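Keep in mind it's a predicted model, so treat the numbers as computed, not measured.
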There are 2 protein chains.
Amino acid sequence: MNAVASKPPPENNLNERLAHSGLRLTPQRQQVHEVLREKMDHPTADMVFMRAKAKMPEISMATVYNCLDALVQCGMVRQVTLDRGATRYCPNMQDHSHFYCDECGSVHDILQTISPEDADIKLPRGFRLKNIETNLHGLCPDCAAKAK
Amino acid sequence: MNAVASKPPPENNLNERLAHSGLRLTPQRQQVHEVLREKMDHPTADMVFMRAKAKMPEISMATVYNCLDALVQCGMVRQVTLDRGATRYCPNMQDHSHFYCDECGSVHDILQTISPEDADIKLPRGFRLKNIETNLHGLCPDCAAKAK
DNA sequence: TCTCAATTTAGAATAGTTCTAAATCTTGAC
DNA sequence: GTCAAGATTTAGAACTATTCTAAATTGAGA
Ligand SMILES: [Mn+2]
Ligand SMILES: [Mn+2]
Ligand SMILES: [Zn+2]
Ligand SMILES: [Zn+2]
């Protein structure tokens, strides 16, 4: 590789990311992050709690919320709010949008976004657009098959 | 106008819309709808309650929720869920998207949407796309001005 | 007028999340 | 290594938004 590596690449491991935000790497934060990466089905805090608890029985709900906050804060996890109801968490930090199945409520990553340029949105005078959040609604493959 | 009016235009008044869904027009439903049309700032149920109460002091929170549900059900009002926190309500049934000010939390109608065709979203096999919800994030005119 | 279903109402219950305060665990200065 | 200071975890209380319950009220049609 390049011997003159000037700058480290944007640190994408938990350790460095947390440190960068002045946060410590703890077993709980590690565990919560692992739970999210293991099954990327956009679980709610409650689901994360149950999964984490299976591996780390002493973990508490409050800690799960704390850990999720820390992970969001340091940029390792995204919050996803689609319907009313519990917030969902996504450890995929690539730019992507979400497909929400209106039938079963499952959430799927779609590796494609609409950039402010793509969509030529004409905003009224004064608005400053930062980013576009796109939520796709419809039927997931399973539900589409059943609907036939 | 056209003397051979074959079909009534899609009923856009409260009365007919409610009736079409087997619901009655009540003073409370009327009041809640009026509150929404009067100030289209996407208020929460709580804000609707306070505004309605000013004109109709005996109205209850439960009724406001009931009325909002009825209005959503009959297609006179849209629910808007952006951040975590209370659901907001919008009486504008035109196809539109929402601009959310990250600074002050205000929500603004943007009379423009991205259709499934416009955005050529390439979905993995099996997904059936019904509609795209676009949420614009940035600064509203007021906050953009202050930020300067 | 009477009856019955729809609606409204107050308050209880629930769900999701945040807060509080005490216990525990680092980390870094000595 | 010891110790103090600060960060983190924890259980449970508190809080917010919403839904549920059951009784009272309303109103349309027989
Ligand atoms: Mn995702
Ligand atoms: Mn709107
Ligand atoms: Zn589905
Ligand atoms: Zn603003």
Side-chain angles (χ1 to χ4, degrees), chain A residues 14-35 42-53 55-74 76-89 105 107, chain B residues 14-35 42-53 55-74 76-89 105 107:
Chain A
L14 195 46
N15 205 340
E16 290 176 40
R17 280 275 186 177
L18 284 167
H20 190 268
S21 297
L23 297 165
R24 294 182 189 159
L25 178 60
T26 67
Q28 289 87 345
R29 284 172 182 169
Q30 215 157 223
Q31 181 61 71
V32 164
H33 188 241
E34 217 166 289
V35 161
H42 302 81
T44 61
D46 210 70
M47 292 160 84
V48 172
F49 174 53
M50 294 189 298
R51 294 177 195 176
K53 196 162 180 144
K55 294 284 188 66
M56 188 183 261
E58 348 67 49
I59 201 171
S60 74
M61 191 68 218
T63 298
V64 168
Y65 273 107
N66 289 342
C67 290
L68 289 169
D69 278 0
L71 294 174
V72 168
Q73 216 181 101
C74 76
M76 286 300 280
V77 163
R78 277 175 66 177
Q79 261 171 320
V80 181
T81 41
L82 289 163
D83 49 358
R84 171 103 271 90
T87 303
R88 294 161 165 277
Y89 295 86
V107 177
Chain B
L14 195 45
N15 205 339
E16 289 176 42
R17 280 276 188 178
L18 284 166
H20 190 267
S21 296
L23 298 164
R24 294 184 189 158
L25 178 60
T26 67
Q28 289 87 347
R29 284 172 182 168
Q30 215 158 222
Q31 181 61 71
V32 164
H33 188 240
E34 217 166 289
V35 160
H42 302 82
T44 60
D46 210 69
M47 293 160 84
V48 172
F49 174 54
M50 294 189 298
R51 293 177 195 176
K53 198 166 177 139
K55 294 283 189 68
M56 190 182 261
E58 349 64 50
I59 201 171
S60 74
M61 191 69 218
T63 298
V64 168
Y65 273 107
N66 289 344
C67 290
L68 289 169
D69 278 0
L71 294 174
V72 168
Q73 217 182 98
C74 75
M76 285 301 279
V77 162
R78 275 176 65 177
Q79 261 171 319
V80 181
T81 42
L82 289 161
D83 48 359
R84 170 103 270 88
T87 303
R88 294 162 165 278
Y89 294 86
V107 177

Under a 4.5 Å cut-off applied to non-hydrogen side-chain atoms, are B:Thr81 and A:Asp83 in contact? no
In this structure, how many angstroms lie between the C1' atom of C:dG16 and the CZ atom of A:Phe49, rounded? 14 Å
Base, sugar-phosphate alone, or nothing: which one does A:Thr87 contact when heavy atoms must sit under 4.0 Å apart? sugar-phosphate
Length of the CG-P vector between B:Leu18 and C:dT8, whole Å: 10 Å
Contacted region of DNA chain D by chain B, from 5' end to 3' end of the hits, cut-off under 4.0 Å to heavy atoms, spans D:dA17 to D:dT19
C:dT17 phosphate, OP1 or OP2, under 4.0 Å from A:Tyr65 side-chain N/O: yes
Which pairs, protein N/O on one side and nucleotides 2-6 of chain C N/O on the other, fall under 3.5 Å?
unit_1 : atom_1 : unit_2  : atom_2 : d
C:dA6  : O4'    : B:Arg24 : NH2    : 3.4

Starting at NZ of B:Lys53, measure out to CE of B:Met61 and round the result to the nearest 0.5 Å. 10.5 Å
Considering only heavy atoms from C-beta outward, does the side chain of A:Val64 approach that of A:Gln28 to under 4.5 Å? no
C:dC25 P sits how many Å from A:Gln30 CD, rounded? 17 Å
Whether A:Thr26 contacts C:dC25 is assessed here as follows: a side-chain N or O lying under 4.0 Å from the phosphate OP1 or OP2. Is that the case? no
A:Arg29 side, atom CZ; A:Cys74 side, atom SG - distance, nearest 0.5 Å: 8.5 Å
From CD of B:Glu58 across to P of C:dT7 the rounded distance in Å is 18 Å
In whole angstroms, how far is the C1' atom of C:dG16 from the CE atom of A:Met50? 14 Å
Using a 4.0 Å heavy-atom cut-off across all strands, classify A:Ala86 as base, sugar-phosphate, or nothing. sugar-phosphate
Between P on C:dC19 and CG on A:Asn66, what's the gap in Å once rounded to a whole number? 10 Å
Got a second to check how far A:Leu82's CG is from A:Thr87's OG1, nearest 0.5 Å? 10.0 Å
Whole-Å distance separating the CD atom of A:Gln79 from the C1' atom of C:dT18: 13 Å
Atom CG of A:Leu25 and atom CD of A:Glu16: how far apart are they, to the nearest 0.5 Å? 11.0 Å
To check you understand the geometry: which heavy-atom pair defines the closest contact between B:Tyr89 and B:Gln79, and what is its length? CE2-CG, 3.5 Å
Which distance, rounded to the nearest 0.5 Å, do you find between the CG of B:Leu23 and the CE of B:Met76? 12.0 Å
Which atoms form the tightest heavy-atom contact between B:Ala52 and B:Gln31, and what is the distance? CB-CG, 4.1 Å
Whole angstrom value for the distance that separates C1' of C:dT8 from NZ of B:Lys53: 14 Å
Nearest-nucleotide comparison on DNA chain D, the residue closer to the 5′ end among A:Thr63 and A:Arg84: A:Thr63
